[in-house]
Participant: 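Once you've had a glance at the structure underneath, I'll fire off some questions.
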Amino acid sequence: MAERSTAAVDVADNSGDESLTAQADQSTADGVAKNRERDTDNDEAQGSGGTQGPGKASPPELHSGHKLARRYRLEECVTRLDGFSSWRAVDEKLRRAVGVHILPADHARARTVLAAARSSALLGDPRFVQVLDAVEENDLVYVVHEWLPDATELTALLAAGPLEPHDAYQMVSQLSAAMAAAHREGLSHLRLNPNAVLRTSTGQWRIRGLAVNAALRGITSTSPQRTDTESIGALLYAALTQRWPYENDAYGLSGLPKDLGLIPPDQVRAGVHRGLSELAMRALANDGATASRHEAPCTTPEELVKAIGEMPRIRPPEPAFTAPPEYQRTTYQQGTYGRPAPHPGVTQPVPAPPPPLQSRTGKALKWAVSALLIAALGLGSWQLADALMDQGRSDDSNQTQTTDGNDKNGDQVRPTKPITIQNAQEYVAEGSAQAPEDVGNTYDGDSSTFWRTKRYNEGPKLAPYKPGVGIVYDLGSPQEISAVSIGLRYPGDHTTVHLYATDSLSPSAPVDSAKEIGTATTSGTSLKVKASKKLKTQYVLLWITDVPQAPQDDFSSAGYKQAVTDVKFTG
C-alpha cells in the first residue's frame, strides 16, 4: 500500500531541508462556498525547487454551463493556473454541489494528478474532503470532490482573531490524527495551509486537497512527513497568535518581525496556552528545542499525535449562564387584589397567624368535627365490607355459567395495521450521500436487497465526522405510527435508530428541530422502534446515529458500517 500510494503522489524532492511552509503561498485548488479560492501565478513560492514545470498544455476552453460526462454542470471558475482550472459545479444526478479540477489529458502532470486522486479516494477517511470521481475523457482529466457549503476556511476564522485554546487544541489534534492516518497509507499533502483547512458547522475539522493539490502544482518532497508536520505546526502557531511564523506575510496574516527568528507563540501574544505554544515549537523548530524546555522535535504526524496525547486535555470553556429573572407574582396571587400597593422603602409587617381555638366555643367545635370524622370512617368501612361480600357471592353463583362470547372487554389490545410506503429518498444532513440509488431496496419486500452506509474508521457513533445517515419515507397521507420494524445486515455492538416526523421528502429544517417519534438500539440484525407518543405524519425520517464494527465484504473493507434490508411501518 505504501509503495502504491507514494508512487501515486510522485513524492520526490529537490528542495533540500528548507521548509515548504516557510514560503508565502496564496493558492489552493479546492473550493468552498462563501470562501472563493485565492491563487497566484508565483507558485514556486510554496517550495524552493521542489516543483515540476507546468508543461506546454494550455487550459481547455470551458465555460459556465458546460457538462462533463453529461452529469457535472460547471457553474463558476474559482482557480485558473498552470494549465488547469478548478470549478464549482453541480452533480445533476445526485442534485448536490461538487468541486471539479480540470486539465488537458496531455498536460505534463495529468497522469500524476489522476493517480493521486484515485489513491486519495481509496483512503475513505471522513476527516478529508473526499474525492468522488477521477476520470480521463474526451482529452480531459478531471477530478470531482466534495463541496462543503457549511464549512469555513481557517483563513476566514483567523481574520476575526486567534482561536480559543480549546478550538486550537481540537484543530491540531484532529489534523495530526488525520495526517498520521494518511501517511500510514503512503499519502502526503505537502500543501497544508490555512486555505486547505476547514471547520464545519458541527465543529469538525477537515482537510481538503490530500495528494491532489500538490500533484496539480508538481510539488514534491524527499521528507513528506517532516513537511506536513511543520505545516501543522505553522497552522497551530497562526491559530494561537494570528501571525504567520515566518518573515513573509501570507494568507492574510502578518509575518514575524525580520531578523528576530522563530520565537514561541507565548512571547508573541499574551495569554497563549503554554502547552500549545511548546507543541507548535516542537513541530516547527528543526533544531529540536523550544525556548523554554528542551524537548525532542516532532518530525512526523505520528510523533505529534503522541505529544498531544501526553498533554493535559484542554477542556472547553464553561458556558456562561445568566440567572433567570425573579418570578414576578401578581397582586392577585399575593392576596392583595384591590389593595393599594405599599410605598417604596416601607417595610411591611408580617401578619401574625390567627390564634388557636382556645375559647369554650372553639373547643366545642373541635370535638364536633372529630365526632363527624369518626362517624364517616365507620360508615365507609361498613359499606366497603358489604360490597366485598356481595362480590364474593356473585363470583360463586357465576362459576357454572358460560362466558358470553359477545361480552365487550375494554382491556383488549388495539389491533395494528400495516402502512404502505409510497416513496422514499435518502436524507443528507452533511457531507456526501451514502447510496441514494438503493433506497428502494429497503421496502421492496426482498430481504436480500439493501441500502448501505459507507465505511467509517471510528464508531459506533458517527459524530463528529457525520451527525447521522438516514432515509425519509413517504406514507402517502398523514398516519398515526405505532411501531417500525427494521431489518439490518450487520450485527454487532451497536446500531441506534431514531424516528422523526418531517415536513417533506427533503426536509428543510435540521434533524434536531424535528419531532422525535421513538428511538431504539440493538446488537442484532432486527430492530423494532416503538412510538413513544401519538403523532400523525406523512413523512418519517429513519435516522441512524450509531453503527457496529463489521468485517470486509464484497462492497467495502472492514470498519463501522450498516445496511438496511427491510422497513415496515404499522399504525
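Note that the structure is predicted; figures quoted are calculated from it, not measured. One is the number of the first residue; the rest follow in order along the sequence.
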Participant: Indicate whether the side chain of S556 and that of K561 have a donor and an acceptor atom separated by less than 3.5 Å.
Facilitator: yes
Participant: For R206, is there any backbone N or O sitting under 3.5 Å from a side-chain donor or acceptor partner on R127?
Facilitator: no
Participant: Do we see a donor-acceptor contact under 3.5 Å between the side chains of T495 and D546?
Facilitator: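 There is no such pair (donor and acceptor under 3.5 Å, judged by atom type) between the side chains of T495 and D546.
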Participant: The test is side-chain contact (heavy atoms from CB on, under 4.5 Å); show your working for S432 and R96 and say whether it passes.
Facilitator: CA-CA 9 Å; S432 60; R96 63 179 179 182; 3.5 Å; yes
Participant: Determine whether I207 and L192 make a side-chain contact, defined as any pair of heavy atoms from C-beta on separated by less than 4.5 Å.
Facilitator: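 Touching, per the 4.5 Å side-chain cut-off.
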Participant: Atom CG of L158 and atom OG1 of T152: how far apart are they, to the nearest 0.5 Å?
Facilitator: 11.5 Å
Participant: Can a donor-acceptor pair be found between the side chains of T522 and H494 at a distance below 3.5 Å?
Facilitator: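 Note: T522 and H494 side chains miss the donor-acceptor criterion.
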Participant: In Å, rounded to the nearest 0.5 Å, how long is the span from OG of S120 to CG of L187?
Facilitator: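 If we round to the nearest 0.5 Å, S120:OG and L187:CG are 6.5 Å apart.
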Participant: Is there a donor-acceptor pair closer than 3.5 Å between any side-chain N or O of E303 and the backbone N or O of T299?
Facilitator: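 Yes; judged by distance alone, with no hydrogens or angles, the pair exists.
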Participant: If we only count heavy atoms from C-beta on, is the Y251 to N195 side-chain gap below 4.5 Å?
Facilitator: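 A side-chain contact exists here, since the closest heavy-atom pair is under 4.5 Å.
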Participant: Any side-chain heavy atom of S64 sitting closer than 4.5 Å to one from W87?
Facilitator: yes
Participant: Test side-chain contact (heavy atoms from CB on, under 4.5 Å) on N193 and S231 and set out the steps.
Facilitator: CA-CA 7 Å; N193 55 48; S231 297; over 6 Å; no
Participant: With no hydrogens and no angle check, is any side-chain donor or acceptor of D493 less than 3.5 Å from a backbone partner on S523?
Facilitator: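 No.
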Participant: Could you tell me whether a side-chain N or O of Q204 sits under 3.5 Å from a main-chain N or O of R199, the two making a donor and an acceptor?
Facilitator: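 No, Q204 side chain to R199 backbone: no donor-acceptor pair under 3.5 Å.
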Participant: Could you tell me whether R71 and D91 make a salt bridge, using a distance below 4.0 angstrom between a side-chain N and a carboxylate O?
Facilitator: yes
Participant: Does a donor on one side chain and an acceptor on the other come within less than 3.5 Å for D150 and T200?
Facilitator: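 Short answer, no.
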Participant: As an exercise, state the distance from CG of L279 to CG of L236, rounded to the nearest 0.5 Å.
Facilitator: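 One finds 5.5 Å between CG of L279 and CG of L236.
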Participant: Can a donor-acceptor pair be found between the side chains of T442 and Y473 at a distance below 3.5 Å?
Facilitator: yes
Participant: For E137 and Y142, what are the C-alpha separation, side-chain angles and deciding distance, and is it a side-chain hydrogen bond (donor to acceptor under 3.5 Å, both in side chains)?
Facilitator: CA-CA 8 Å; E137 180 183 61; Y142 58 90; 3.2 Å; yes
Participant: For P264 versus M281, what's the shortest heavy-atom pair and its separation?
Facilitator: CA-SD, 3.7 Å
Participant: Side chains of S221 and T227: any donor to acceptor distance under 3.5 Å?
Facilitator: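 There is such a pair between these side chains.
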Participant: Take H183 and S188 through the side-chain hydrogen bond (donor to acceptor under 3.5 Å, both in side chains) test and state the conclusion after the steps.
Facilitator: CA-CA 6 Å; H183 279 284; S188 56; 5.3 Å; no
Participant: List the atom of A178, the atom of F128, and the distance in Å for their closest heavy-atom pair.
Facilitator: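 Looking at all heavy atoms of both residues, the shortest contact is O-CZ, 3.3 Å.
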Participant: Using every non-hydrogen atom in the two residues, find where P436 and L94 come nearest and quote the distance to one decimal.
Facilitator: CG-CD2, 3.5 Å
Participant: Would you call E136 and R111 a salt bridge, taking side-chain N to carboxylate O under 4.0 Å as the test?
Facilitator: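 A salt bridge links E136 with R111.
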Participant: If we ignore angles and hydrogens, is there a donor and acceptor under 3.5 Å between the side chains of N213 and H189?
Facilitator: no
Participant: R208 pairs by side-chain hydrogen bond (donor to acceptor under 3.5 Å, both in side chains) with which of H145, E153, Q130?
Facilitator: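 Looking at H145, E153, Q130, the match for R208 under the side-chain hydrogen bond (donor to acceptor under 3.5 Å, both in side chains) is E153.
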Participant: Could you tell me if the side chain of E426 sits less than 4.5 Å from the side chain of V428, heavy atoms only?
Facilitator: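 Heavy-atom side-chain distance check passes, below 4.5 Å.
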Participant: On the six-membered ring of Y456, is K466 placed so that its NZ or CZ lies under 6.0 angstrom from the centre and within 45° of the ring axis?
Facilitator: no
Participant: Rounded to the nearest 0.5 Å, what separates atom CD in E230 from atom OG in S223?
Facilitator: 9.0 Å
Participant: So, do I232 and V172 sit near enough that their side-chain heavy atoms are less than 4.5 Å apart?
Facilitator: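 Contact flag for I232/V172 side chains = yes.
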Participant: Within the distance-only criterion (no hydrogens, no angle test), does the side chain of H273 pair as donor or acceptor with the backbone N or O of L276 below 3.5 angstrom?
Facilitator: yes
Participant: Heavy atoms only: give me the nearest G275-M311 pair and the separation to one decimal.
Facilitator: C-CE, 4.0 Å
Participant: Side chains of Q425 and S506: donor-acceptor distance under 3.5 Å anywhere?
Facilitator: yes
Participant: Does C298 offer a backbone N or O that forms a donor-acceptor pair with the side chain of R226 under 3.5 Å?
Facilitator: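 Yes.
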Participant: Is it the case that the ring center of Y427 lies less than 6.0 angstrom away from the ring center of W543?
Facilitator: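 Centroid separation for W543 and Y427: below 6.0 Å.
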Participant: With no hydrogens and no angle check, do the side chains of H101 and S86 hold a donor and an acceptor under 3.5 Å apart?
Facilitator: yes
Participant: Given side-chain contact (heavy atoms from CB on, under 4.5 Å), test V143 with V113 step by step and report yes or no.
Facilitator: CA-CA 8 Å; V143 177; V113 170; 4.0 Å; yes
Participant: Indicate yes or no for a side-chain donor-acceptor contact from T453 to the backbone of Q562 under 3.5 Å, with no hydrogens or angles considered.
Facilitator: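 Present.
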Participant: Can you see which heavy atom on A239 is nearest to which on M171, and at what distance?
Facilitator: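 Heavy-atom minimum between the residues: CB-CE, 4.0 Å.
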Participant: Would you say that W451 contacts I471 through its side chain, given a criterion of any heavy-atom pair below 4.5 Å between the two side chains?
Facilitator: yes
Participant: Could you state the interatomic distance from CG (L103) to CZ (F84), rounded to the nearest 0.5 Å?
Facilitator: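 L103 CG to F84 CZ: 8.5 Å, rounded to 0.5 Å.
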Participant: To the nearest 0.5 angstrom, please state how far the CG atom of D167 sits from the CG atom of L240.
Facilitator: 11.0 Å
Participant: Are there over 12 heavy-atom neighbours, none belonging to E302, within less than 6.0 Å of that residue's CD?
Facilitator: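 Enclosed.
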Participant: Would T496 and T521 count as a side-chain hydrogen bond (donor to acceptor under 3.5 Å, both in side chains) if you check the C-alpha gap in whole Å, the side-chain angles of each, and the deciding distance to 0.1 Å?
Facilitator: CA-CA 4 Å; T496 299; T521 298; 3.0 Å; yes
Participant: Begin with the C-alpha distance, continue with both residues' side-chain angles, and end with the deciding distance and a verdict on side-chain contact (heavy atoms from CB on, under 4.5 Å) for R88 and V98.
Facilitator: CA-CA 6 Å; R88 177 176 60 83; V98 294; over 6 Å; no
Participant: Does any non-hydrogen side-chain atom of Y560 lie less than 4.5 Å from one of K461?
Facilitator: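 No, every pair of side-chain atoms sits at 4.5 Å or beyond.
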Participant: Would you please say whether a donor-acceptor pair under 3.5 Å links the side chains of R455 and S557?
Facilitator: yes
Participant: Under 3.5 Å, is there a donor-acceptor pair between the side chain of T241 and the main chain of P265?
Facilitator: no
Participant: When you check the side-chain N and O atoms of E92 and Y72, is any donor under 3.5 Å from an acceptor?
Facilitator: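 Note: E92 and Y72 side chains miss the donor-acceptor criterion.
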Participant: Side chains of L68 and I102: does their closest heavy-atom pair fall under 4.5 Å?
Facilitator: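 Yes, at least one pair of side-chain atoms sits under 4.5 Å.
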Participant: Do you know the tightest heavy-atom contact between P548 and Y490?
Facilitator: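 Here P548 and Y490 meet closest at CG-O, 3.8 Å.
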